[in-house]
Amino acid sequence: MEQSKNILITGGAGFIGSHVVRLFVTKYPQYNIVNLDALTYAGNLENLKDIENAPNYFFEHVNILDNAALEAVFAKHSISDVIHLAAESHVDRSILSPLDFVYTNIIGTVNLLQAAKKSWNGNYDNKRFYHISTDEVYGSLDNGGFFTETTAYSPNSPYSASKASSDHFVRAYGETYGMPTVISNCSNNYGPYHFPEKLIPLFINNIINNKPLPVYGDGLFTRDWLYVKDHALAIDMVFHNGKVHDTYNIGGFNEWTNIDLIKLLVEKMDHKLGRATGESLPLITFVKDRPGHDKRYAIDATKINKELGWKPSVTFEEGLEETIDWYLNNSEWLENVTSGAYQKYYEQQYHS
Ligand code: NAD
Ligand code: TYD
């Protein structure tokens, strides 16, 4: 049995964070899990309803821009470890409002590093600061190949530039102050509780509601999709067994062009909704491309596989089935998160 720990998970009310919190709360009853989240449009405590009464789960409604509140949380819960997921996460929003990404992703991360440094006060025994990042920091693979841990950073969007910057700060705290940091960079996730502004949940929601499916540019952009529960399992492994000051790439070995993925989604959704095969295909609408749109992401996940024994546990077929079923069975969740402020953003993005 693992020793007791008081783990601060930031962004635990978001998509990936909620899966990580659920995994840690249920798998490690000897750990106290403190979920710190500002509950922005993307954070939703409904995502954690099933575990909110667990005795080892605590919630702190705090913004990582609030230094005093961060310090208070470290002191109150005697935090021994951090798994940092809180971020502004959507590329399209970063194009509209880059400063929000500078504040939360860069300044918020440095605030958190400072709070940990102050609280731990040079005693790094049994401590860990684990930063969750993205493969988008590496830029775009236009001429083949894969991203490895040694690929040079070349971010193209305000989102990826802010994540790259936060990665550098985490690394710098490891080098400069000896903080026991570790970083992982993951490919595109999909699965339950994914906010319906990202490709897969947005298109599931639009197919259900017979709304247009806005395909950017020619639709030939490629992403490497990983089921979110497999990302959470990888985070568990890196947290416990990853080498301090190291980085790990996590990916699905699962590349799809957007248009092929969308056609597969339409086929599956039409079947589930009792529609004729291909009935929803006319919803596909080619729209203006995203500025600075990265052509292709693909992760070489050999290192985490060889060193930590991680590989995806479900096929894309299985993960997509589970995801579609989850959205069809959770229409109330979809309605709740797509009302209000989100609707305004959506109209601005796609219907102006
Ligand atoms: P998300 O947008 O679903 O959730 C982000 C969470 O952070 C929300 O709960 C939000 O309320 C919280 N948050 C935002 N700003 C905050 C602030 N200032 N203070 C405190 N909390 C704040 O994001 P996600 O898709 O779950 O991504 C989580 C992390 O994983 C991010 O760091 C992201 O860069 C990284 N990542 C995401 C993907 C992906 O495909 N979604 C892939 C690789 C890495
Ligand atoms: P997204 O889910 O926003 O993730 P990311 O940009 O971080 O990879 O987008 C995935 C791909 O789908 C990306 O190539 C952009 C494209 N896309 C569309 O074609 N239409 C859409 O409405 C959205 C949200 C994305």
Side-chain angles (χ1 to χ4, degrees), residues 9-21 35-45 47-48 60-66 69-70 83-95 100-101 103-105 107-109 111-112 131-137 140 156-157 159-160 162-163 166-167 184-191 193-203 206 212-226 228 231-232 235 250-252 256-259 261-262 284-290 292-297 299 337 346 349-350:
I9 300 184
T10 69
F15 166 48
I16 301 171
S18 63
H19 288 277
V20 176
V21 166
N35 170 17
L36 182 152
D37 200 296
L39 301 181
T40 67
Y41 78 94
N44 190 345
L45 290 177
N47 298 0
L48 291 164
E60 294 287 354
H61 187 192
V62 166
N63 194 309
I64 55 173
L65 294 172
D66 183 344
L70 282 181
I83 305 178
H84 177 37
L85 295 109
E88 288 292 340
S89 67
H90 189 37
V91 173
D92 291 328
R93 284 180 190 261
S94 81
I95 294 166
D100 292 344
F101 288 68
Y103 289 131
T104 286
N105 298 0
I107 298 174
T109 298
N111 285 345
L112 197 61
H131 177 61
I132 307 302
S133 193
T134 166
D135 62 353
E136 302 190 24
V137 298
S140 184
N156 292 316
S157 74
Y159 164 66
S160 54
S162 68
K163 290 297 290 187
S166 65
D167 291 9
S184 58
N185 298 82
C186 188
S187 65
N188 287 61
N189 285 214
Y190 69 97
Y193 303 110
H194 203 184
F195 195 85
E197 63 184 354
K198 310 274 170 60
L199 182 73
I200 290 182
L202 174 71
F203 279 32
N206 286 10
L213 307 175
V215 181
Y216 298 164
D218 58 10
L220 295 176
F221 299 83
T222 300
R223 297 292 183 263
D224 166 9
W225 294 95
L226 176 67
V228 64
H231 187 193
I235 288 173
I250 305 169
W256 287 81
T257 61
N258 292 338
I259 194 67
L261 172 57
I262 291 159
I284 293 178
T285 311
F286 288 90
V287 298
K288 204 166 80 191
D289 202 3
R290 170 191 279 172
H293 196 170
D294 286 334
K295 186 78 185 161
R296 173 173 168 258
Y297 304 141
I299 283 274
V337 302
Y346 182 81
Q349 268 296 94
Y350 305 111

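Both ligands and their constituent atoms are indexed starting at 1 by order of listing. Computed from heavy atoms alone, side chains included, the values below leave out hydrogens, waters and symmetry copies.
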What is the closest protein heavy atom to atom 18 (N) of ligand 1, and at what distance does it sit? Asn63 OD1, 2.8 Å
Shortest protein heavy-atom distance from atom 21 (N) of ligand 1, along with the residue and atom involved: Ala38 N, 3.1 Å
Where on Asp294 is there a heavy atom closer than 4.0 Å to ligand 2, on the side chain, on the backbone, on both, or on neither? neither
Suppose we measure from atom 40 (O) of ligand 1 to each protein heavy atom; which comes out shortest, and what is that distance? Asn189 N, 2.9 Å
Quick check on contacts: which atoms of ligand 2 are under 4.0 angstrom from a heavy atom of Leu202? 22 (O)
Should the proximity of Leu199 to ligand 2, defined as any heavy atom under 4.0 Å, be assigned to the side chain, the backbone, both, or neither? both
Answer yes or no: does an N/O atom from Glu197 fall short of 3.5 Å to an N/O atom of ligand 2? no
Taking distance alone, with no angle check, do Arg223 and ligand 2 share an N/O pair under 3.5 Å? yes
Quick one: which ligand 2 atoms are inside 4.0 Å of a heavy atom on Phe221? 14 (O)
Where the closest heavy atom to atom 13 (C) of ligand 2 is concerned, which of Arg93, Arg296, His293, Lys295 has it? His293
Contact with ligand 2 for Tyr297, non-hydrogen, under 4.0 angstrom: yes
Considering the heavy atoms of Lys198, write down every atom of ligand 2 situated less than 4.0 Å from one of them. 2 (O)
Aromatic Tyr41 / basic Arg93 pairing, under 6.0 angstrom, 45° off normal: yes
Ligand-side contact atoms (ligand 2) for residue partner Asn188, heavy atom cut-off under 4.0 Å: 4 (O), 5 (P), 8 (O)
Which protein non-hydrogen atom lies closest to atom 11 (O) of ligand 1, naming both residue and atom, and how far is it? Asp37 OD1, 2.5 Å
Polar proximity ligand 2 side, Trp225 side, N/O cut 3.5 Å exclusive: no
For ligand 1, is Ser133 a contact, meaning one of its heavy atoms is under 4.0 Å away? yes
Could you tell me the separation between the CD1 atom of Ile9 and the CD1 atom of Ile16, rounded to the nearest 0.5 Å? 12.5 Å
Any N or O on Thr104 sitting closer than 3.5 Å to an N or O of ligand 1? yes
Have a look at Val287, Asn258, Asp224 and point out the one with the heavy atom closest to atom 12 (O) of ligand 2. Asn258
Under 3.5 Å side-chain donor-acceptor pair for His131 and Ser166: yes
Tyr159 near ligand 1, heavy-atom distance under 4.0 Å? yes
Leu39 heavy atom under 4.0 Å from ligand 1: yes
Touching ligand 1 at all, Asn105? Heavy atoms, strictly under 4.0 Å? no
Do me a favour and list the nearest non-hydrogen protein atom to atom 37 (C) of ligand 1 with residue, atom name and distance? Ile16 CD1, 3.4 Å
Among protein heavy atoms, which sits nearest to atom 4 (O) of ligand 1, and what does the distance come to when rounded to 0.1 Å? Gly14 CA, 3.5 Å
Test item, Ser187 contacting ligand 1 (heavy atom, 4.0 angstrom): yes
For atom 23 (O) of ligand 1, what's the nearest protein heavy atom and its distance? Ser89 OG, 3.3 Å
Any N/O of Asp92 closer than 3.5 Å to an N/O of ligand 2? no
I need the nearest protein heavy-atom contact for atom 28 (C) of ligand 1: residue, atom name and distance, please. Leu85 O, 3.5 Å
